[in-house]
Protein chains: 2
Amino acid sequence: MSLPSPSAPADGSLQQGLHQDGRRLTPQRKRVLELFEHRGSGCHLSAEEVHQQLASLQLKVSLATVYRTLRLLADMGFLQELELSEGGRRFELAHGDHRDHHHLVCIRCGRTEEFESEPVLMAGADAAQQFGFKLIESSLNVRALCPNCQD
Amino acid sequence: MSLPSPSAPADGSLQQGLHQDGRRLTPQRKRVLELFEHRGSGCHLSAEEVHQQLASLQLKVSLATVYRTLRLLADMGFLQELELSEGGRRFELAHGDHRDHHHLVCIRCGRTEEFESEPVLMAGADAAQQFGFKLIESSLNVRALCPNCQD
DNA sequence: CTCTCTGCAAAGTATTTGCAGACTA
DNA sequence: TAGTCTGCAAATACTTTGCAGAGAG
């Protein structure tokens, strides 16, 4: 079984993007991307978690392949790599509309909230321009204590 | 020998902070902190680099101790842990005056520039407040291509 | 059919830990 | 002296890679 994917929005572009480079659309790659799509955009998963969540859905994808696939999907722009505090990098679904967003992370319990901010994006763009860099992506990480961890 | 440390600004507070918790001021801990102080605040070092730089100054500190010390100093607030893109976390001297600053990183060659931005700090503070979080620190990471890597 | 992909297991990095002796307070 | 710290080496976590067979186009 595969996750119920009514119209499989990204499937088409995934296949297309892969074929452009002579790569192939495999069930494993579909499964990983679909997992993120069904979890929604606020979901930050590590390689290990992707592997386990797929396993719990009876979808076997080896951990090595998960790693390879996460990197591939991130390179292709379907996923975005996060650099939050804890060890282990995480990935989330990239927004098609290129709307960068930011993270508020509780350093104690790891709870993560997302938010957007126009001024932040502009500040990033300004800084890049000022140093002659070509902007790719900017993200603000706010380290904080959530209400439950403040005592 | 130790690095020429005219008035050893942090030495006192390092010793004090350590003693508060029953910990001790050792040459190794002093060496690590002094390295950062002499490199200045714009310097981002990994554990491995700290180890090598100390070694090149004839100051022997084992790599394991460097790791332990970096974590200790970061917990005590003397150093700040960075989460830039490349594998391997880095540390920099924490600003006593709590002036957060941000990083512009070339994803190809790793060149890193720093900048400050008032609007970014405000956006971070706003977001924290909005979710009821207590702000600790916010940093904007801008991923980009530097002039040399743009072709 | 051809050439890419996967799974496995082994190899790498990066970082942490156990322990006996060294050293600070 | 008492208890913390260090260095070493082994252990652990995370990620990548080599290779032979499976599978997409």
Side-chain angles (χ1 to χ4, degrees), chain A residues 2 8 11-12 14-35 44-55 58-76 78-79 81-91 110, chain B residues 2 8 11-12 14-33 35 44-52 54-55 58-76 78-79 81-91 110:
Chain A
S2 68
D11 255 44
L14 174 58
Q15 181 166 48
Q16 191 175 338
L18 287 167
H19 287 181
Q20 272 182 349
D21 298 310
R23 301 206 199 85
R24 290 172 183 179
L25 179 60
T26 65
Q28 289 87 341
R29 289 172 177 177
K30 243 165 100 168
R31 284 171 196 160
V32 171
L33 183 53
E34 283 176 359
L35 176 67
H44 311 138
L45 300 173
S46 64
E48 190 67 46
E49 285 167 351
V50 169
H51 179 245
Q52 296 197 339
Q53 296 207 12
L54 288 174
Q58 315 295 323
L59 301 171
K60 307 264 158 79
V61 181
S62 76
L63 187 54
T65 297
V66 170
Y67 275 107
R68 282 185 281 229
T69 302
L70 288 175
R71 190 145 50 109
L72 175 67
L73 293 176
D75 286 347
M76 293 178 67
F78 287 101
L79 297 181
E81 195 175 336
L82 302 176
E83 307 126 18
L84 307 180
S85 41
E86 333 127 60
R89 53 196 74 154
R90 285 162 181 281
F91 295 81
Chain B
S2 68
D11 255 43
L14 174 56
Q15 183 167 46
Q16 191 175 342
L18 287 168
H19 286 181
Q20 271 182 349
D21 296 311
R23 301 206 199 85
R24 292 174 183 177
L25 178 60
T26 64
Q28 289 86 343
R29 289 173 178 176
K30 244 166 97 169
R31 284 172 194 157
V32 171
L33 184 52
L35 177 68
H44 310 139
L45 300 173
S46 65
E48 190 67 48
E49 286 167 350
V50 168
H51 180 245
Q52 297 196 339
L54 287 175
Q58 315 295 323
L59 301 171
K60 308 264 160 75
V61 182
S62 77
L63 186 54
T65 296
V66 169
Y67 275 107
R68 282 184 282 226
T69 302
L70 289 175
R71 189 143 52 106
L72 175 67
L73 293 176
D75 286 348
M76 294 178 65
F78 288 101
L79 297 181
E81 196 174 336
L82 303 177
E83 307 125 22
L84 307 180
S85 41
E86 334 126 59
R89 53 196 73 155
R90 286 163 181 277
F91 294 81

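By convention in this document, chain letters (A, B, ...) are assigned in the order of the sequence lines, proteins followed by strands, and residues within each chain are numbered from 1. Atoms considered below: every heavy atom in the structure, side chains included; atoms not considered: hydrogens, waters and symmetry mates.
Residue B/Y67 has its side chain nearest to C/dT15 when only D/dG25, D/dT6, C/dT15 are considered. Nearest to the side chain of B/R24, among D/dG7, D/dT15, D/dT4, sits D/dT4. Listed candidates were D/dT16, D/dG7, C/dC5. Nearest to the side chain of A/R89 is D/dT16. Taking the side chain of B/A64 as heavy atoms from C-beta on, and the options D/dA9, D/dT17, D/dT15, the nearest nucleotide is D/dA9. Nearest to the side chain of A/S62, among C/dT16, D/dG7, C/dG7, sits C/dG7.
Looking at heavy-atom distances under 4.0 Å, B/R68 makes contact with a base.
The distance from atom CG of A/L33 to atom P of C/dC5 is 16 Å, rounded to the nearest whole Å. Between the CG atom of A/L54 and the C1' atom of C/dG7 there is a distance of 15 Å, rounded to whole Å. Taking atom NZ of A/K30 as the reference point, atom C1' of C/dC5 lies 16 Å away to the nearest angstrom. Atom C1' of nucleotide C/dT6 and atom CG of A/L59 are separated by 15 Å, given to the nearest angstrom. Put simply, CG on A/L70 is 12 Å from P on C/dT6, counting in whole angstrom units. Taking atom CG of A/L14 as the reference point, atom P of D/dG25 lies 10 Å away to the nearest angstrom. The CG-C1' distance, from B/L72 to C/dT16, rounds to 15 Å in whole Å. In this structure, A/Q20 atom CD and C/dT4 atom C1' are separated by 17 Å, rounded to whole Å.
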Open item on the list: Determine whether B/D21 and B/M76 satisfy the following criterion, side chain to side chain contact (heavy atoms under 4.5 Å, CB included), listing intermediate values before the conclusion.
Closed with: CA-CA 11 Å; B/D21 296 311; B/M76 294 178 65; 5.7 Å; no
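Side-chain atoms of B/L45 and B/L35, non-hydrogen and from C-beta on, do get closer than 4.5 Å to each other.
Between the side chain of A/R31 and the main chain of A/K60, a donor-acceptor pair closer than 3.5 Å is present.
Taking side-chain N and O atoms only, A/T26 has no distance below 4.0 Å to OP1 or OP2 of D/dG23. The side chain of B/Q28 contributes no N or O atom lying less than 4.0 Å from OP1 or OP2 of C/dC23.
Partner A/R89 forms a salt bridge (Lys or Arg N to Asp or Glu O under 4.0 Å) with one of A/E48, A/E49, A/E81 and no other, that one being A/E81.
A residue-by-residue look at B/R23 and B/R71 shows that B/R71 has its nearest nucleotide of DNA chain C further toward the 5' end.
A distance of 6.5 Å separates CG in A/L33 from CG in A/L79, rounded to the nearest 0.5 Å.
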